[in-house]
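This chain uses plain numbering: 1 for the first residue, then up along the sequence. Every heavy atom of this structure was used, including side-chain atoms; hydrogens, water molecules and symmetry mates were not.
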Amino acid sequence: MADVEGFGDPRRTGPHQQAVREGLYEVMAAAFVAGGLAWEDCYQEDRGDAVFVLVPPDTDKAAFVEAVLPALVMRLRVHNDSRPEMQRIRLRVALHAGEVVYDDHGVTSSSLTLAFRLCDAPPLKAALATSPGVLAVITSAWLFDEVVRHMPAAAPATWRPVTIAVKEADTTGWIALPDHPYPPESVSVGSGMPGVGGSGTGPPRVVPRQLPASLYDNIGRPRKAADVRQRAAQLQKESHPRDTRGEA
């Protein structure tokens, strides 16, 4: 689920909103290509100022998250750099995985309902509102625990748990700001909270506060999961140069 921040701002005219909607779909389609998925192969429903998307069930969740989040940042920057203020986009994105049921009117399930509640959660809105970046992401507790915390490239130590209490939803979500991450903290395995006993024995991994501009060169080009992982590992290594002092 991807929702545009401030779409209904009264300063935005009809043409502004139309440009934002066109930009939203361009950004999403390009990011999905970077994640190895054709946009037209995914189920989509328009929400005016938002869009929700279902990826095929055989999608590699880790590879998808690893590729799509930095691609969204880059595509949003590309869009915003060439648009006036009222046509610029900042996104709130909610990620979850689960079963869905198709009927004559579309799709439904408790998993979808949770994704909608996560995207509408006040902590996510506050996170983006106070960030200088262009993207705020929230995952369900299940997706974080089963997928994100096992992904060094996703910098799980920079995600933060928040309480979600929206309508009937009363759960925990995990928030990240991919282009302006929170300071790293260790994450207790299975606890759903940061603390001692994190997912690694070494120091927390930190992602660069600004993704390198060279990533612009690859946006919009299909890349296999192996290529994505190789690039992510390279960025991680560059952000933590090895200290060779004292070595023979």
Side-chain angles (χ1 to χ4, degrees), residues 1-8 21 24-25 27-29 31-32 34-73 75-76 89-103 105-129 131 134-151 154 156 159-178 192:
M1 180 75 177
D3 190 13
V4 176
E5 179 189 55
F7 184 82
R21 282 173 49 80
L24 171 63
Y25 278 88
V27 165
M28 293 289 290
F32 273 55
L37 292 175
W39 181 246
E40 57 271 16
D41 291 341
C42 303
Y43 179 90
Q44 311 153 30
E45 283 193 16
D46 184 77
R47 289 292 185 267
D49 61 350
V51 59
F52 91 79
V53 186
L54 302 179
V55 301
D58 59 349
T59 299
D60 184 326
K61 297 178 185 66
F64 177 77
V65 172
E66 196 172 293
V68 167
L69 297 187
L72 279 173
V73 170
R75 292 307 306 183
L76 286 167
I89 302 172
R90 302 209 313 159
L91 278 184
R92 296 186 295 266
V93 170
L95 301 174
H96 184 42
E99 298 297 316
V100 296
V101 177
Y102 292 80
D103 59 28
H105 308 288
V107 293
T108 186
S109 76
S110 58
S111 295
L112 280 178
T113 300
L114 176 57
F116 296 151
R117 301 298 181 256
L118 290 171
C119 200
D120 200 38
L124 181 64
K125 294 180 179 180
L128 184 58
S131 170
V134 295
L135 180 65
V137 180
I138 188 169
T139 72
S140 62
W142 181 90
L143 190 65
F144 181 85
D145 195 49
E146 295 296 326
V147 179
V148 175
R149 75 175 180 88
H150 305 284
M151 299 167 50
W159 293 65
R160 293 293 182 270
V162 294
T163 298
I164 305 300
V166 179
K167 294 186 177 180
E168 72 289 337
D170 184 8
T171 184
T172 297
W174 284 81
I175 290 178
L177 303 172

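- Here OG1 of Thr59 is found 4.5 Å from CG of Leu37. Values are rounded to the nearest 0.5 Å.
- By the 30° and 60° cut-offs, the orientation of the rings of Tyr43 relative to Phe52 is tilted.
- Atom OG of Ser110 is separated from atom NE2 of His96 by 7.0 Å, given to the nearest 0.5 angstrom.
- Note that the CG atom of Leu69 and the CG atom of Leu177 stand 11.5 Å from one another [nearest 0.5 Å].
- Between the OG1 atom of Thr113 and the NZ atom of Lys167 there is a distance of 9.5 Å, given to the nearest 0.5 Å.
- Relative ring orientation between Trp159 and Phe144 is described as tilted, the plane-to-plane angle lying within the 30° to 60° band.
- At least one side-chain heavy atom of Tyr102 sits less than 4.5 Å from a side-chain heavy atom of Leu54.
- Shortest non-hydrogen contact noted between Ser140 and Trp174 is O-CD1, 4.4 Å.
- Within the 4.5 Å cutoff, the side chain of Val53 has heavy atoms near those of the Trp39 side chain.
- Within a 6.0 Å sphere centred on NZ of Lys125, other residues, nucleotides and ligands contribute more than 12 heavy atoms.
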task = Show your working on side-chain contact (heavy atoms from CB on, under 4.5 Å) between Leu118 and Leu124 and close with a plain yes or no.
result = CA-CA 8 Å; Leu118 290 171; Leu124 181 64; over 6 Å; no

key: Verdict with reasoning, Ile164 to Ile138, per side-chain contact (heavy atoms from CB on, under 4.5 Å)   = CA-CA 11 Å; Ile164 305 300; Ile138 188 169; 3.8 Å; yes

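- For the residue pair Val147 and Met151, the shortest heavy atom distance occurs at O-CG, 3.3 Å.
- Residue Pro123 comes nearest to Thr163 through the heavy atom pair CG-O, 3.7 Å, listed as atom of the first residue, atom of the second, then distance.
- Put simply, the side chain of Leu91 does not reach to within 4.5 Å of the side chain of Val134, judged on heavy atoms.
- Distance check, rounded to the nearest 0.5 Å: CZ of Phe64 to CG of Leu95 gives 7.0 Å.
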task = In sequence, state the C-alpha distance, the side-chain angles, and the governing distance for Arg117 and Thr171, and then conclude on side-chain contact (heavy atoms from CB on, under 4.5 Å).
result = CA-CA 10 Å; Arg117 301 298 181 256; Thr171 184; over 6 Å; no

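- Separating the NZ atom in Lys61 from the OG1 atom in Thr139 is a distance of 13.0 Å, to the nearest 0.5 Å.
- Look at Arg21 and Asp46 and you find a salt bridge, because one of the NZ, NE, NH1 or NH2 atoms lies within 4.0 Å of a carboxylate O, short of that distance.
- Annotation for Pro161 and Thr172: closest pair CB-CG2, 4.2 Å, computed over non-hydrogen atoms.
- Other residues, nucleotides and ligands place no more than 12 heavy atoms under 6.0 Å from the CD atom of Glu99.
- What you find for Ser111 and Gly98 is that their closest heavy atoms are OG-CA, 3.4 Å.
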request  = Go through Met1 and Arg47 one step at a time and tell me if the side-chain contact (heavy atoms from CB on, under 4.5 Å) criterion holds.
outcome  = CA-CA 10 Å; Met1 180 75 177; Arg47 289 292 185 267; 4.3 Å; yes

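- Arg92 places no side-chain N or O within 3.5 Å of a backbone atom of Leu128 that could act as its donor or acceptor partner.
- Closest non-hydrogen pair, Ala71 versus Ala34, comes out as CB-CB, 3.6 Å.
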